[in-house]
*Asks:* 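Provided herewith is a single structure, encoded as structure tokens, for subsequent inquiry.
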Amino acid sequence: MQLTQEVISDVDELECWCGNDQTQRAIQQRLRESSYSPLWRLKCQIASDRIVLAGAVPSYYMRQMAQTIALGQAGDKAVENQIVVRSLR
């Protein structure tokens, strides 16, 4: 699966594709459990060999937090962090 620009730019809700994937559900849950609300709106996609994170957050710290959450659930998959840092006004 590939993320399209339309999907990447739509960061209003957290969406994870392939919803029956256990890794993906675990990442989604951890992001929603975060005390940082911008992480709740991030998107993740599981490919055969990697996890892709996408969306926008207001700081590099939050970008790194999301990546750390994904890495904790990644197992043998690589994490591709496509999260952009920008003001979420």
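For this chain, numbers begin at 1 and follow the sequence in order. Computed from a predicted structure; not experimentally measured.
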*Asks:* Can you sort out the partners of M62 under side chain to side chain contact (heavy atoms under 4.5 Å, CB included), two or more places apart, ordered by chain and number?
*Replies:*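 For M62 the side chain to side chain contact (heavy atoms under 4.5 Å, CB included) partners, ignoring immediate neighbours, are Y36, P38, L39, V57, P58, S59.
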*Asks:* For the residue pair I27 and C44, what are the closest heavy atoms and their distance?
*Replies:*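 Between these two residues, the closest heavy atoms are CG2-SG, 4.4 Å.
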*Asks:* Take R63 and N81 through the side-chain contact (heavy atoms from CB on, under 4.5 Å) test and state the conclusion after the steps.
*Replies:* CA-CA 8 Å; R63 182 179 192 266; N81 192 341; 3.6 Å; yes
*Asks:* Nearest 0.5 angstrom please: T68 OG1 to Q64 CD, how far?
*Replies:*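 It comes to 4.5 Å.
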*Asks:* Would you compute the distance between atom CD1 of I69 and atom CD1 of I51 and round it to the nearest 0.5 angstrom?
*Replies:*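 Reported value, rounded in 0.5 Å steps: 12.0 Å.
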*Asks:* Output a table of donor-acceptor pairs, distance under 3.5 Å, between side-chain atoms of residues 71-79 and any protein atom two or more places apart or on a different chain; print 'none' if there are none.
*Replies:*
{"unit_1": "K77", "atom_1": "NZ", "unit_2": "S48", "atom_2": "O", "d": "3.4"}

*Asks:* In terms of hydrophobic clusters joined by side-chain contacts under 4.5 Å, are L31 and V84 together?
*Replies:*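 No, L31 and V84 fall in different hydrophobic clusters.
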*Asks:* For Y60, what residues pass the ring pair (Phe, Tyr, Trp, His ring centres under 6.0 Å) criterion, not counting sequence neighbours?
*Replies:*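 Expected list: none.
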*Asks:* Can you see which heavy atom on A66 is nearest to which on L42, and at what distance?
*Replies:*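 That closest heavy-atom pairing would be CB-CD1, 3.5 Å.
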*Asks:* Have a look at R30 and tell me which of R32, Q28, E33 forms a side chain to side chain contact (heavy atoms under 4.5 Å, CB included) with it.
*Replies:*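 The passing option is E33.
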*Asks:* Report yes if some heavy atom in the side chain of E80 is under 4.5 Å from a heavy atom in the side chain of L53; otherwise report no.
*Replies:*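 No - every pair of side-chain heavy atoms lies 4.5 Å or more apart.
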*Asks:* Side chain to side chain contact (heavy atoms under 4.5 Å, CB included) with S37: which residues, sequence neighbours excluded?
*Replies:*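 Result, side chain to side chain contact (heavy atoms under 4.5 Å, CB included) vs S37: W40.
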